[in-house]
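Okay, so here's the structure we're looking at.
Letters A, B, ... are given to chains in the order of the sequence lines, protein chains preceding strands, and every chain is numbered from 1.
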Number of protein chains: 2
Amino acid sequence: MSDLLERLRDRGWRLTAQRRVVAQVLDGDHVHYTADEIHALAVNLLPEISRATVYNTLGELVSLGEVLEVSTDGRAKRYDPNARHAHQHLVCDACGTIRDVHPAGDPLGSLPATERYGFTISGVEVTYRGLCPDCGTA
Amino acid sequence: MSDLLERLRDRGWRLTAQRRVVAQVLDGDHVHYTADEIHALAVNLLPEISRATVYNTLGELVSLGEVLEVSTDGRAKRYDPNARHAHQHLVCDACGTIRDVHPAGDPLGSLPATERYGFTISGVEVTYRGLCPDCGTA
DNA sequence: ATCCAGAATTGGATCTTGTCCAAAACCGAA
DNA sequence: TTCGGTTTTGGACAAGATCCAATTCTGGAT
């Protein structure tokens, strides 16, 4: 966690109590939260933090490349603090939970030119879908 | 298009003017629309159709497996009438446009057991991201 | 051709997610 | 300690989507 905060200070971030708390909540988990979940967790540590600040801070972390924004279906976006390591996601179709996975194989190469339709391709995402342990046994 | 309508009638669907129009709008395109775009197109053909009906109909088509719901980032969901053929998506990060692609290679196999964390996996999605021809030259 | 029960449609209210703004509070360099 | 510029706040707002009771309509039965 201090890793992240140090990187941010080096980039000129002011270290406010609010930002520290958001960083602390995000730290190192492999199951990702929505902005409102992060807000709820942050409130436990700092009761007066506002929703807008959590959204602002998450947005800045995404811009800086420290956190990834992951969205599934019409649900709320989730924030993945594990932006530095290549990985894929496992999504529960019932409750929306997202987990990181680190598959062995290389994700397929890029698209053949005949399938690009003039697009400039910058990346590939691979998402596995299914039911998490909690929802699967219902 | 009548293919789709016939399959639906076989499953006990009542064929209303509204449903016919939604099916007609969805028919066979490889660039996918949002619900509101579909509503706008439907209004051209049937001025009094309501937004709720378009949402209802799309939801039913998704439940029946005739249409896929595709969502990207915080944007509106898009509807992919091409549910019966395996394919992947090409998404424009600037304007949200989605196109189908039909890559040659098999999408990677399923996840190794050690990476499943108790999930029951039902599918894999592969999405290429980039800029479409219109947005890329800006 | 007509009737009728149940299914579908309507449109407005409502919910959720997320963004925006001006005022107030705060951080940290000097 | 002071001060300027950065952050935070919270309430208003916007977009996407869902819900609901009242109304309309479909299609099988007659």
Please state whether the phosphate of [N], meaning OP1 or OP2, lies under 4.0 angstrom from any side-chain nitrogen or oxygen of [X].
X      : N       : answer
T16(A) : dT8(D)  : yes
R19(A) : dT7(D)  : yes
Q18(B) : dT10(C) : yes
T53(A) : dT9(D)  : yes
Y55(A) : dG18(C) : yes

Using whole Å, what does the distance between atom [atom2] of nucleotide [N] and atom [atom1] of [X] come to?
X      : N       : atom1 : atom2 : answer
E60(A) : dT6(D)  : CD    : C1'   : 10 Å
L8(B)  : dG27(D) : CG    : C1'   : 16 Å
R9(A)  : dT6(D)  : CZ    : P     : 19 Å
L5(B)  : dT26(D) : CG    : C1'   : 15 Å
R75(B) : dA17(D) : CZ    : C1'   : 17 Å
R11(B) : dA7(C)  : CZ    : C1'   : 18 Å
Y33(A) : dT17(C) : OH    : P     : 17 Å
R78(B) : dA17(D) : CZ    : C1'   : 16 Å

Once rounded to the nearest 0.5 Å, what's the spacing between atom NE2 of H32(A) and atom CG of D100(A)?
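Reported to 0.5 Å precision, the distance equals 3.5 Å.
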Could you tell me the separation between the OG1 atom of T57(B) and the NE2 atom of H39(B), rounded to the nearest 0.5 Å?
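T57(B) atom OG1 to H39(B) atom NE2 measures 11.0 Å (nearest 0.5 Å).
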Under 3.5 Å, is there a donor-acceptor pair between the side chain of R19(A) and the main chain of R14(A)?
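Checked: pair present.
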I want to verify a distance call: between [options], whose nearest atom is closest to the [X] side chain?
X      : options                   : value
D36(B) : dG16(D), dG5(D), dC19(D)  : dG16(D)
A76(B) : dA17(D), dC25(D), dT9(D)  : dA17(D)
R51(A) : dG27(D), dG12(C), dG18(C) : dG18(C)
N56(B) : dT8(D), dT9(C), dA17(D)   : dT9(C)
I49(A) : dG27(D), dT18(D), dT9(D)  : dT9(D)

Applying a strict under-4.5 Å side-chain criterion to I, L, V, M, F, W and Y, I'd like to know whether V31(A) and I98(A) cluster together.
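No: no chain of side-chain contacts under 4.5 Å links V31(A) to I98(A).
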Is any side-chain N of the basic residue among R11(B) and E66(B) closer than 4.0 Å to the acidic one's carboxylate O?
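So R11(B) pairs with E66(B) through a salt bridge.
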When you match R14(B) and L46(A) each to their closest nucleotide on DNA chain D, which lands nearer the 5' end?
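Result: L46(A).
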How do T57(A) and E69(B) order along DNA chain D: which one's closest nucleotide is nearer the 5' end?
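Result: T57(A).
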